[in-house]
> 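Mind looking over this structure? Questions follow.
Order of appearance sets the numbers: ligands from 1, and atoms from 1 within every ligand. Side chains included, hydrogens not; waters and symmetry mates left out as well; all remaining heavy atoms used.
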Amino acid sequence: MCGIVGYAGRKSAQPILLDCLKRLEYRGYDSAGMAVVGDGVRVYKTKGEIAALESEMPAIEGTVGVAHTRWATQGRPTSDNAHPFDGCRNQVAVVHNGIISNFVELRDALVAGGHEFSSDTDTEVFAHLVEEELGDDELLDAVGRALKRVSGTYAFAVVSSGRDEVVGARKESPLVVGVGSGENFLASDVTALLKYTDRVIYVQDGELVRVTPDSVTIVDADGNEVEREAERVAWSLEDAEKGGYPHFMLKEIFEQPSAIHESLLGRIDAVEAESSFLNGSPFSSVKIVACGTSYNAGLVGKYLIEEFAKMPVTTQISSEYRYSAPARENPLVVLVTQSGETLDTIAAAREARRRGNRTVAIVNVVGSAITREVDHVIYTRAGPEIGVAATKTFVTQLIALYLLAIELGSQGKAITAHAKRSIISQLRNLPRAVQDVLNQADAIEALAGKYSGSRDMFFIGRNIHYPIALEGALKTKEISYIHGEGYPAGELKHGPLALLSEESPVVAVVAKDHTYEKIIGNISEVSARGSPVIAVATEDDTEIEKFADDVIYLRETSPLFSPVPAIVALQLWAYYLARARGCPIDKPRNIAKTVTVE
Ligand code: F6R
């Protein structure tokens, strides 16, 4: 949420900053701005997307600068509230991701001291604080002193007049250094930098960093210099580009067979060898904590762990877990987050540790904040996900949860070697099952076109397919703006049926398992109210056409594994609904990909 970038080099900073900024647009896009260092600092900013900034800015010379794309938290999305902020003397420029929680007192004190403010944001105070501290001093020292006066969360990048350096600081918001040759960078995410370098240094909480064209200096909160080698990033530039697809979301949906394959690679051997990181752990229950789509993956995980490991599992939304009363039990706490930066999930990881629980993170982004907050990390290896709506990261989270469930089951002797072999072979079949769904994209597009005029849509499922209904509804509402609600199919008659009519289609995820007759009953209840029913069912279901108006067929897959192809069908469904409605699919309104505020 909010993307920041800084450049110190010998080339013209403006086009490089714009290019990096566009690659961060998924972090927020309600306003954008840039500052380039010359005699003073030249600041340009505007309301709207980065394209608006690009068309409004004149060409400016200068080889050092910072830029920002905003997701508004404090202050409406206007050009006055866009970053960067300079102080009163046009001497410094600041971009920020995070929240300064004591900004009201700071602003009052600064105004009393003669400073003039031009925005409603929390960030602007920091520009004035740095300006006050700077004088003829080093920018790094001035930023360090200014930081001592602020509370809250931040990734800052700061430049000042006449200096060929960018100073950054990080606390609970991501910040990475890109190490180049004759040029160095700061950015919120490595994806911004892949065109320029594959060598990065992850800035840690409490650290400050100074980049010049030829040097990178990191210091800790006490001012001591920190030695840290650059790491090579495994992601390539192609991974972070659209590659001919009209949207990142569609590209990422189509990458899922290979993402699943990558996620399984090497892991199955470890599962077969029973070389678990969980050996000897004293826990008899599991708690899964996450937000949004990652929470829906966690709910699937609950069914899997209960099935394979016969262990009780609870799930909780991160922002609720943080403030809940600790139970007497001592669960293994599993935190699911694609970005590894979601503030509520990081806070939940800290709380779990405070409670003395063992913690595991399922995460996609290498080196992200959560990896430093937990005892064990399981990487999902989905590659970079740029579309705001999570797709391939969800599916690879499911893969990680299948593997975790098998490990827990083996460890607790709840599954036999034979059962384990059969589960593994089902996992190996998933890329093909997903490819089968992708091959039906045109048919799903046509079907979505038929229902794209709907205002409301309901999604139902039972058992392990209930979270798939939730995830289908979430995808649909966030990108097509159709009001989507997911329910356990048995719950409709406890209230939501009142909302059904011919105008509100119901998507039913149907499994040929012990819940089959029940969901057929639920579908009949829906049809009796006149709502059209679209079923997502497996090919071996020869009855479903009698009950549903339309059917999306999945390859015959055992019910515990069909959540994977089923969600891919619903991702395409949501995508084509949004496309038929002309929605900005990769950048839905009001949403940012990574939520680094509470
Ligand atoms: C929806 C979506 C969000 C995220 C949520 C958690 O498509 O992407 O609901 O799942 O913000 O993000 P992570 O997984 O990064 O913690």
> Any nitrogen or oxygen of Ala390, main chain or side chain, under 3.5 Å from a nitrogen or oxygen of ligand 1?
yes
> If you define the side chain from C-beta out and look only at heavy atoms, does anything of Cys20 sit under 4.5 Å from Tyr196?
yes
> Apply salt bridge (charged side-chain N to carboxylate O under 4.0 Å, His left out) to Arg76 and Asp30, showing your working.
CA-CA 9 Å; Arg76 292 172 61 78; Asp30 52 42; over 6 Å; no
> Can a non-hydrogen atom of Thr391 be found less than 4.0 Å from any atom of ligand 1?
no
> Please compare Gln571, Gln338, Glu478 and report which has the shortest non-hydrogen distance to atom 1 (C) of ligand 1.
Glu478
> Out of Gln256, Glu255, Glu252, which residue meets the side-chain hydrogen bond (donor to acceptor under 3.5 Å, both in side chains) rule with Lys392?
Glu255
> Any atoms of ligand 1 less than 4.0 Å from a non-hydrogen atom of Ala389? List them with their elements.
7 (O)
> Relative to ligand 1, is Val388 under 4.0 angstrom through side chain, backbone, both or neither, heavy atoms considered?
backbone
> How far is atom 12 (O) of ligand 1 from its nearest protein heavy atom, and which residue and atom is that?
Thr342 OG1, 3.4 Å
> May I ask you to check whether Tyr303 and Tyr466 place their ring centers less than 6.0 Å from one another?
no
> List the closest protein heavy-atom neighbour of atom 2 (C) of ligand 1: residue, atom name, distance to the nearest 0.1 Å.
Thr293 OG1, 3.7 Å
> Report the nearest protein non-hydrogen atom to atom 14 (O) of ligand 1: residue, atom name, distance rounded to 0.1 Å.
Ser294 OG, 2.5 Å
> Would you say Thr345 has any N or O atom under 3.5 Å from an N or O of ligand 1, going by distance alone?
no
> More than 12 non-hydrogen atoms from neighbouring residues, nucleotides or ligands closer than 6.0 Å to CZ on Arg355, yes or no?
yes
> Taking atom types as modelled, find out whether Thr345 and Ser318 have a side-chain donor-acceptor pair closer than 3.5 angstrom.
yes
> Is it the case that more than 12 heavy atoms not belonging to Lys47 sit under 6.0 Å from its NZ atom?
no
> Below 4.0 Å from ligand 1: does a non-hydrogen atom of Lys475 turn up there or not?
yes
